[in-house]
Structures are given as C-alpha cells and as structure tokens.
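Following: one structure in structure tokens, then a few remarks.
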Amino acid sequence: QVQLVESGGGLVQAGGSLRLSCAASGLIFNAYTMGWFRQAPGKEREFVAAIRWVGDRTTYADSVKGRFTISRDNAKSTVYLQMNSLKPEDTAIYYCAAPASLFSPIETMSYHYWGQGTQVTVSS
C-alpha cells in the first residue's frame, strides 16, 4: 500500500530554517504530483506547495512564496520542503500528500494519500 513518511520537523526560532522530507513507497513516485499541506491548532488544513511529477513546475500558497521551496528526487522517491525565514505563524503539523491519479495537474486539490505529519514549531 501507499506510504508517505514525513521527517525533519522540530523547534526553531523565528527567522530560522528547516527542511522537511517525505519518503514515498507503494506508488510510481515519478508519475505523481506531490503536495505539502499544513494544519495549525484550531485551523483547517491548508495547501502549502505542490510539484509536478517531473519537477518542472511548482506552485505555492501566497503566505509562503519566496520563503519556502518544494523539490523532489525521483530516484529516491522523496519530496522536500525547504522552509526559510520561518515565522511563528508557520507553526503547524506539516503533511505531504499525493493525489489519487497519476499525472494529476499541479492545480489539483484531489489529494488522496497522506502522511502522518511532522510538527513544526517556530518560536518568537
């Protein structure tokens, strides 16, 4: 079955950086758009970033543009989220996700497979 396992979360001061990783198995990784989402306490889950299956296109939420970078290594079946200039409002559980269908457009919001999440806490 499909498994997505996130790692790399932690506690960091405002202005600092973290790099999240998501290792995928059980799917043809290089045929899937991959996304990152986050959920802060008391808030709904929100989209953060996505990358097309070949890595040639990316898209970001306005709140993270210019600070976060999504990338992937298809040889390692891993997607990354480099987070710089972190702010306290970035504090959340971060999830990676894959849609149900291969070759989904980068604009898709039909994500089906989810990891367990990794906690990111940014102190002020």
Exercise for review: Kindly check if the number of other-residue, nucleotide or ligand heavy atoms within 6.0 Å of CD (E107) is above 12?
Suggested key: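 Above 12, so yes.
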
Check your understanding: So does I28 have more than 12 non-hydrogen atoms from other groups sitting under 6.0 Å from CD1?
Key ->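 No, because the 6.0 Å sphere around CD1 of I28 holds 12 heavy atoms or fewer from other groups.
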
Could you tell me which non-hydrogen atom of [X] sits nearest to which non-hydrogen atom of [Y], and how far apart they are?
{"X": "A50", "Y": "I106", "value": "O-CD1, 3.7 Å"}
{"X": "L4", "Y": "C22", "value": "CB-SG, 3.9 Å"}
{"X": "V2", "Y": "G26", "value": "CG2-O, 3.5 Å"}
{"X": "S124", "Y": "A14", "value": "CA-CB, 4.4 Å"}

I'd like to know if [Y] and [X] are part of one continuous hydrophobic network [Ile/Leu/Val/Met/Phe/Trp/Tyr, side-chain heavy atoms within less than 4.5 Å].
{"X": "L11", "Y": "F68", "value": "no"}
{"X": "V120", "Y": "Y60", "value": "yes"}
{"X": "Y113", "Y": "Y94", "value": "yes"}
{"X": "Y95", "Y": "L81", "value": "no"}
{"X": "L20", "Y": "V5", "value": "no"}

Check your understanding: Side chain of S110, backbone of T108: donor and acceptor closer than 3.5 Å?
Key ->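 Between the backbone of T108 and the side chain of S110 there is no qualifying donor-acceptor contact (under 3.5 Å).
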
**Study point:** Check: Q82 main-chain N/O paired with R19 side-chain donor or acceptor under 3.5 Å
**Key:**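 No; zero donor-acceptor contacts below 3.5 Å.
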
Contact between [X] and [Y] at the side-chain level, heavy atoms closer than 4.5 Å - yes or no?
{"X": "L86", "Y": "L18", "result": "yes"}
{"X": "S123", "Y": "Q13", "result": "yes"}
{"X": "V12", "Y": "T121", "result": "no"}
{"X": "R38", "Y": "I93", "result": "no"}

Point to revise | Residues forming a side chain to side chain donor-acceptor pair (under 3.5 Å) with K43, sequence neighbours excluded | key: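 For K43, no residue satisfies side chain to side chain donor-acceptor pair (under 3.5 Å) once neighbours in sequence are set aside.
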
Check your understanding: Between F47 and M109, is a side-chain contact (heavy atoms from CB on, under 4.5 Å) present by the stated rule, with each step listed?
Key -> CA-CA 9 Å; F47 169 79; M109 284 292 122; 3.5 Å; yes

Check your understanding: After noting the C-alpha distance and the side-chain angles of E6 and Q116, does the key distance pass the side-chain contact (heavy atoms from CB on, under 4.5 Å) rule?
Key -> CA-CA 7 Å; E6 302 95 336; Q116 83 289 348; 2.9 Å; yes

Review point. Can a salt bridge be assigned to the pair K87 and D90 using a cut-off of 4.0 Å between side-chain N and carboxylate O?
Key: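 So K87 does not pair with D90 through a salt bridge.
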
Exercise for review: Please step through side-chain contact (heavy atoms from CB on, under 4.5 Å) for the pair T91 and Q119, ending with a clear verdict.
Suggested key: CA-CA 8 Å; T91 295; Q119 177 71 48; 4.1 Å; yes

Exercise for review: For S17 and N84, run side chain to side chain donor-acceptor pair (under 3.5 Å): C-alpha distance rounded to whole Å, both residues' side-chain angles, the deciding distance at 0.1 Å, then the answer.
Suggested key: CA-CA 4 Å; S17 298; N84 298 330; 2.9 Å; yes

Sequence neighbours excluded and cut-off under 3.5 Å, please list the side-chain donor-acceptor pairs for residues 29-37, or say none.
residue	atom	partner	partner atom	Å
T33	OG1	S104	O	2.7
W36	NE1	Y80	O	3.4

Point to revise | NZ or CZ of R72 within 45° of W53 ring axis and under 6.0 Å | key: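 No, R72 and W53 do not form such a contact.
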
Review point. Passes side-chain contact (heavy atoms from CB on, under 4.5 Å), V79 versus I70? Steps please.
Key: CA-CA 7 Å; V79 61; I70 188 171; 3.9 Å; yes

